[in-house]
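One structure below.
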Protein chains: 2
Amino acid sequence: METRELRYFVAVAEELHFGRAAQRLGIAQPPLSRAIGGLERRLGALLLERGSRGVTLTAAGEVLLREARAALDAVEAAERRTRRAALTAAGHPTVILAAKAGASGELLAKLLDAYAAEPGAVAVDVLLCGPGEQAGVLRDGRADVALLHRPFDDLAGFDTEDLHTEGQVAVLPAGHPLATRPHLRLAEVTDIPDLPLPRWPRPDGTFPNGPGPKVRDHTQLTQLIALGRACAIVPEAIRTSLHEGLTAVPVPDSPRVTTVIAWPPHSRSTAVAGLVRAATAL
Amino acid sequence: METRELRYFVAVAEELHFGRAAQRLGIAQPPLSRAIGGLERRLGALLLERGSRGVTLTAAGEVLLREARAALDAVEAAERRTRRAALTAAGHPTVILAAKAGASGELLAKLLDAYAAEPGAVAVDVLLCGPGEQAGVLRDGRADVALLHRPFDDLAGFDTEDLHTEGQVAVLPAGHPLATRPHLRLAEVTDIPDLPLPRWPRPDGTFPNGPGPKVRDHTQLTQLIALGRACAIVPEAIRTSLHEGLTAVPVPDSPRVTTVIAWPPHSRSTAVAGLVRAATAL
DNA sequence: GGGCGGCGATACCGCCCGGGTATCACTCCT
DNA sequence: AGGAGTGATACCCGGGCGGTATCGCCGCCC
């Protein structure tokens, strides 16, 4: 199988429409139909169910979509990492660290300081991501190492080291009746009728159904909370960067959050190793 | 990057010789040279150092070799798993379990029994591998789930559950002076001058340098020990299948071995989930 | 119910690119 | 100096990929 075929299939599987997929790929529809047809013939499997109203995925198609995404990420990672290795060899060593925007700010600063103090430390580019983007960024080679948060982020397929575990707090508008309580139970927070929990995007960019407002980053979130339109449960490290007008109340029975440092399992980079060493020694 | 290019590069990187690589790929040498040249041009990186006596890998080439192997495994896995998903949908559900030939025999039997007793259990094909082959078999989709042994096997990139931990024993010819000892220290076993430890193949099929005989599986190993040409340190579970003429002596200070069940991180197969459940419940 | 619009498949064509053969350029080694 | 070995280059050919035109099929709707 060629990556071209995989890219074509992923496009069709995501659009569920040959015409739109062809447009997205920048080719005409007929060669796309033929490519998918050939793929199905060689695999001996029907991947798409053609109805008169667009197409749907078969079970085999679902499997191929998942696997093809992983394979294409691996191919892209190969390309990116090779390019970066060439730059490193040419005397511009750099390591790209992915971190969630608005989270672990203090830990991140300490880590960068600690690593910079090591002998042989190289320049660290920090790549700030929206929630949930980091695993993908690490998988497809845009980053070399990442700070992730269990149990929120998907750690599957990475090597990791735990760095820090903390409880979570509810963030409420300062004037809210519950804001003066010394602590809250999880069920109390999820049930506030006028302050729904926000909805975060899934990895594919769509949002789950529900009452809460859609948010993509912590800025939107804090703004919505300050406006009295939502509340949220976040790791307590957020407290150090809490705006005015917001109050954090501990939620002892919420799941504890662990910050981990993660890297692709076959990384041989000394810079990544150095960052991991610095992180675990914090 | 197309998989064709990756396959070409891996062939050259492994053979370190354009002519032989071309032969292995079933093409002529000139198109191979051109393909690699084009790859280097597009990546903007020199991958191979051309000397008059064959070629050597640059640092970027080393990176691409590692990444390309991973990417090609992912592509192959996509192909295999899709084929198997189509068969499953067509009413032939099967799950392929990889196990090291000659190890964990008893555990494997118990696992198969326990899983078969579950409601909805499907047929399990057992794929017996040589030592070190299993991770690759799982990575490229030839197997769905595997029994591996920490710290021997490379668990990087898989989800795992620990099943069982055991000590190791030294296997000696029955008549050997040390065979009557109640236990041995690790240093004593590695230093027996007339019974060297054997050499196992690396993942790429080559052997490390050293005095011991080359072995590829446990049959060869037991035979060599029975002939008085080697000794070995193996998990104590081997005792249940020890031939006559061989003696096992505990080595308390050798590293303990954990049998784990491993599966690709994004597996959605209910059969794999069932096997893992049965295994952890043992 | 027949025309129409939307969608995917098919037919056919042209061109680029991947592969083949022949040959060159360079470097060791004798 | 000559020859063997190795990778690069020159040149040609054919298959495959992509393009346009069109068909077949199914809903829909006036």
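In what follows, chains are A, B, ... by sequence order, proteins preceding strands, each numbered from 1.
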Exercise. Do B/R34 and C/dG19 have a side chain to base donor-acceptor pair shorter than 3.5 Å?
Worked result: yes
Nearest whole angstrom, please: distance from the [atom2] of [N] to the [atom1] of [X].
X	N	atom1	atom2	answer
A/I27	C/dA9	CD1	P	13 Å
B/E2	C/dG19	CD	P	12 Å
B/R20	D/dG5	CZ	P	12 Å
B/L47	D/dG7	CG	C1'	15 Å
A/Q23	C/dG8	CD	C1'	16 Å
B/F18	C/dG20	CZ	P	16 Å
A/R41	C/dT10	CZ	C1'	14 Å
B/E40	D/dA8	CD	P	8 Å

Problem set entry | Lys NZ or Arg CZ of B/R7 over B/F9 ring: under 6.0 Å, within 45° | no
Problem set entry | Over-ring placement of B/R20 relative to B/F18, 6.0 Å and 45° cut-offs | no
With a cut-off of less than 4.0 Å, is there a side-chain N or O of [X] near OP1 or OP2 of [N]?
X	N	value
A/R50	C/dC7	no
B/H17	D/dG7	yes
A/S33	C/dA9	yes

Closest approach to the side chain of [X], judged atom by atom: which nucleotide of [options] is it?
X	options	value
A/P31	D/dA8, C/dG19, D/dG19	D/dG19
B/Q29	D/dT20, D/dG7, D/dC17	D/dG7
A/A28	D/dA21, D/dA8, D/dG19	D/dG19

Seminar exercise, completed: Note: B/L46 and B/T58 closest approach over all heavy atoms is O-OG1, 2.7 Å
Problem set entry | Distance in Å, B/K214 NZ paired with B/Q220 CD, rounded so as to fall on 0.5 Å steps | 11.5 Å
Problem set entry | Modelled atom types, side-chain donor and acceptor of B/Q223 and B/T219, under 3.5 Å | no
